[in-house]
Asker: 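Dropping a structure here in structure tokens format, bear with me for questions.
If you read the sequence from its start, that first residue is 1, and numbering goes on from there.
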Amino acid sequence: MARKTATMEAGTGAPAERVPGLDRLPAGPALFVGRRTELAALRAAAVRPAEGRSPVLVLAGRPGSGRTALAVRFAVTVAGQYPDGVLFARLSAPDGGRVPPARAARRLLEQLGADTAEVPLPGAVGDGRDDPACVALRAALAGRRVLLVLDDVRDAGQLWPLLADEPGCLVLATTAGPLTGIEDIDPVILGGLDRTAAAELLGDLVGGTRIGCDPVGAADLAEACGSQPAALRLMAGRLRGKPELAVTEAAKELLRAVAEAGKAEPEAVKEPAEAVDPPASNGKGKGERGKGRRGAAVTGPEPAAAVDPPAEPARDPAAWVRPGPEPAEPVPVPDNDPLVGAFTLAYAGLTAAQARMLRALTLAPAQSADPRTASALVGCPAPEAATTLAALAERELLAEEPPAADGTARYRVPGRLHPRLVRLRERDDRPAEIELARARLLERLVRLTESARSLLDPSEGAGPDPLPGPLRLKSAAHAREWLLGERDPLLGAVADAIGQGDLDGSAGRLVTALLRSLPLTGAAAPADLHQLHELVLTVAERHGRPRRASAALLNLGDLQAAAGRWEQASGHYRAALEHARTADDEALCARALEGAAGCHRALGDAVRAADWYGRALGVRQSMGDQAAEARLLARVAEAHAAQRRFDEAEREYRASLSVLRRIGDERGREAVAAALAELRERVSTGW
């Protein structure tokens, strides 16, 4: 099948294939037609200078308009001008939820090559420009030429914390609705394809002869689809699956399906048609609909005057975004949209097994699946799942994702179809079946994660029972690639399960497996470990397990302390102490006391440090832990010295030496003796 592309002059700079990060972009459709006007508008906007920050291009279009495919196409054509790489992040969850900018910033930092140990932990405020991850991202972009592709942005509050003070970078954001408030943006608004491009797309997808023999039917079908790429692809998939169906009849079917869908849906789920028209947000009155000097026409009312920016662009970064309303709900696909009718026809043509698989994929982490996870969701062999996934992709009901590191095909439920599929799942699948599918998925992920751990560290002992051949991880390198490639879906799966609260046993085992496995990759981000320990804490507190809650809080405190966030670490240690006392666990109490003392020491509060070290010392002495006793005596001595209480400091050092002699710790004795000698020397010289 011929591959169609829009012609466009390649950008100057490095060859695109040498630019790092292009493989992070969504695969995009194999066939791409039209959009020459929109591509030219994006190219012209990309060279327009911005005032004190990275230029921002906004590509707005209703669900199914092909905005992500166009963004990928544009990114590939200009990637050579950004030799420092291409970064990609989705800012909406598959269910339409809003991804906090701090989380997106952490992932973008990792793509930029930041050491995972240096990627900031979540801040107290996850959506602000002052969040540590957002600050670190903007600093990392300084002096670089990077292209950031931010897909499905919900609101300006997600975007502006990521904008660097670096005019050499370019931000391309796709959105379904207006991004009100950001200054100096003139969006490119997508409508349907032009008549020639729509016919060309149908011809390429269905077969030129079949479409060419019925040009009137092809025109009718394109009109019935509103010339929307997604609807055209779904109808092309239906025509491929039914060779006997005439093109004209397919157009009539679609019109009937759209009319019936509008009548069948409850009033509560209907939205006015204008709600999905993305206004020419925050431009200066330039991007008129209907004329659209930036792209294809989109019918609808003129944008409200409230979104017009001031005449002069703001120079102060704090003024780049004006306060706006709370983020709106995700832009829906209205029931009278051709996309709904095309999906209804496509879904009706599926076998029972294919329909069940498609509904089940809404339970997959991030609605992204390969045969390993899909087979667990529906309880079938992996080869059968692979065949079903490929068939659904052939019907244009799944989007192909970049393959996994081992070449395994991956697919994703398009966000535009997700709400409809959830409704179908809730209607057609019993709650017990849904819970069983989720439980099978979690157990599959636990076994895969434990298998990866046993390959990465055979000294840990025998791994789980071998998985079936098609599911098996083959080597330590394969295990590492799988863990790192599936990290986000794994974290999403466990967070979703714990959030729902009905599968805490399986979810807890997956958390434990991830905490044991991710550090073995050598690329475990502290932010991910922080998230996992928070999930452990949630489950422990839910089930009244104070010992486990205390351990989770201690680990959270250690992560905060390692990041130099002493106040936050101290809070975790104090909370851990309360849980440890409830559990009557002396060892955990001592750990919490010592951790809190270390925070006071780092903050320069020697008085409180001495007090907390002393309390920890008392607990260790009652436990008979002499090694810890010697260590804590030395810590108390340091705190006394910091207060210029030299006699007390020397006494504690000598007590520490006595314990170390008793247990035969020569290395410890040497270290403490050296500290004592240094103290005496400084006192003798008048310190």
Side-chain angles (χ1 to χ4, degrees), residues 117 121 526 550-551 553-687:
L121 296 176
S550 179
L553 284 161
L554 287 172
N555 287 319
L556 289 169
D558 291 345
L559 287 168
Q560 296 283 4
R565 295 166 65 171
W566 304 108
E567 294 286 357
Q568 295 91 329
S570 178
H572 286 309
Y573 289 133
R574 290 170 183 267
L577 178 61
E578 294 304 316
H579 283 291
R581 285 172 173 163
T582 301
D584 196 22
D585 189 312
E586 287 188 321
L588 290 176
C589 285
R591 276 269 287 109
L593 288 164
E594 186 173 353
C599 293
H600 289 304
R601 177 190 182 203
L603 291 168
D605 190 342
V607 174
R608 285 191 173 88
D611 176 48
W612 284 75
Y613 277 132
R615 293 161 67 184
L617 174 61
V619 176
R620 291 295 187 185
Q621 287 173 331
S622 69
M623 295 170 59
D625 186 346
Q626 295 186 8
E629 179 184 354
R631 181 183 68 250
L632 288 166
L633 283 165
R635 291 297 191 194
V636 172
E638 291 171 359
H640 285 326
Q643 300 174 65
R644 307 182 68 81
R645 297 167 61 182
F646 304 124
D647 291 341
E648 291 93 333
E650 181 167 344
R651 183 184 66 236
E652 302 298 347
Y653 276 134
R654 290 201 305 270
S656 177
L657 285 171
S658 177
V659 175
L660 290 168
R661 284 193 209 96
R662 192 159 58 243
I663 63 177
D665 186 347
E666 292 300 324
R667 177 177 294 183
R669 281 183 60 194
E670 291 176 3
V672 173
L676 178 57
E678 182 180 2
L679 174 69
R680 288 170 173 170
E681 181 180 355
R682 290 187 175 183
V683 171
S684 67
T685 57
W687 177 50

Asker: Given side chain to side chain contact (heavy atoms under 4.5 Å, CB included), test Asp605 with Trp566 step by step and report yes or no.
Answerer: CA-CA 12 Å; Asp605 190 342; Trp566 304 108; over 6 Å; no
Asker: Check the pair Arg667, Glu670 against salt bridge (charged side-chain N to carboxylate O under 4.0 Å, His left out), reporting the backbone distance first and the verdict last.
Answerer: CA-CA 5 Å; Arg667 177 177 294 183; Glu670 291 176 3; over 6 Å; no
Asker: Are the side chain of Asn555 and the backbone of Ala551 linked by a donor-acceptor contact shorter than 3.5 Å?
Answerer: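 Judged by distance alone, yes, a pair lies under 3.5 Å.
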Asker: Should the pair Arg669-Glu666 be classified as a salt bridge under the 4.0 Å nitrogen-to-oxygen rule?
Answerer: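 The answer is yes: the pair qualifies as a salt bridge.
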Asker: If you look at every heavy atom in Ser550 and His579, which pair is closest and at what distance?
Answerer: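 That closest heavy-atom pairing would be CB-CB, 3.7 Å.
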Asker: When rounded to the nearest 0.5 angstrom, what distance separates CZ in Arg565 from CG in Leu559?
Answerer: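 Arg565 CZ to Leu559 CG: 10.5 Å, rounded to 0.5 Å.
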Asker: Give the intermediate values and the outcome of side chain to side chain contact (heavy atoms under 4.5 Å, CB included) for residues Arg601 and Tyr613.
Answerer: CA-CA 10 Å; Arg601 177 190 182 203; Tyr613 277 132; 3.7 Å; yes
Asker: Quick check on Gln643: does its CD atom have over 12 non-hydrogen neighbours (other residues, nucleotides or ligands) under 6.0 Å away?
Answerer: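 Count over threshold, so yes.
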Asker: CG of Leu593 to CD of Glu586: how many Å apart, nearest 0.5 Å?
Answerer: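 Leu593 atom CG to Glu586 atom CD measures 11.0 Å (nearest 0.5 Å).
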Asker: Taking only residues two or more places apart in sequence, or in another chain, which ones meet Arg645 in a salt bridge (charged side-chain N to carboxylate O under 4.0 Å, His left out)?
Answerer: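 Only Glu648 meet the salt bridge (charged side-chain N to carboxylate O under 4.0 Å, His left out) criterion with Arg645.
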Asker: So, Ser656 side chain and Glu652 main chain: donor-acceptor pair closer than 3.5 Å or not?
Answerer: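 Not at all, since once roles are kept as given, no pair shorter than 3.5 Å links the two residues.
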Asker: Give the minimum heavy-atom separation between Ala569 and Gly557, together with the two atoms involved.
Answerer: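 Reported closest heavy-atom pair: CB-O, 3.5 Å.
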Asker: State the CD-CG distance between Gln626 and Asp665, to the nearest 0.5 angstrom.
Answerer: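 Gln626 CD to Asp665 CG: 11.5 Å, rounded to 0.5 Å.
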Asker: Quick check: closest heavy atoms across Ala634 and Val672, and the distance to 0.1 Å?
Answerer: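 Smallest heavy-atom distance, with atoms named: CB-CG2, 4.4 Å.
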Asker: Where is the tightest heavy-atom contact between Ala590 and Val619, given as atom of each residue plus distance?
Answerer: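 Nearest heavy atoms, Ala590 then Val619: CB-CG1, 3.9 Å.
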Asker: Find the distance between CG (Leu554) and NE2 (His572) and round it off to the nearest 0.5 Å.
Answerer: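 Reported to 0.5 Å precision, the distance equals 10.5 Å.
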Asker: Whether Arg574 and Glu578 form a salt bridge (side-chain N of Lys/Arg under 4.0 Å from carboxylate O of Asp/Glu) is what I want to check.
Answerer: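 The answer is no: the pair does not qualify as a salt bridge.
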Asker: Do the charged groups of Arg631 and Glu594 touch, with an N to O distance under 4.0 Å?
Answerer: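 Salt bridge between Arg631 and Glu594, a charged N being under 4.0 Å from a carboxylate O: yes.
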Asker: Can you name the closest pair of heavy atoms from Val659 and Ala630 and give their distance?
Answerer: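 Taking every non-hydrogen atom into account, CG1-CB, 3.9 Å.
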Asker: Say you draw a straight line from CD of Glu629 to CD1 of Ile663; how long is it, rounded to the nearest 0.5 Å?
Answerer: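 Glu629 atom CD to Ile663 atom CD1 measures 9.0 Å (nearest 0.5 Å).
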Asker: Side chains of Arg651 and Tyr653, heavy atoms from C-beta outward: is any pair under 4.5 Å?
Answerer: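 Side-chain contact under 4.5 Å: no.
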Asker: For the CG atom of Leu676 and the CD atom of Glu678, what is their distance to the nearest 0.5 Å?
Answerer: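 If we round to the nearest 0.5 Å, Leu676:CG and Glu678:CD are 10.5 Å apart.
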Asker: Between Arg591 and Asp558, does any NZ, NE, NH1 or NH2 come within less than 4.0 Å of an OD or OE carboxylate oxygen?
Answerer: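 Answer for the salt bridge query: yes.
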Asker: Minimum heavy-atom separation for Cys599 and Ser570, please, with both atom names.
Answerer: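 Scanning both residues, the minimum pair turns out to be SG-N, 3.6 Å.
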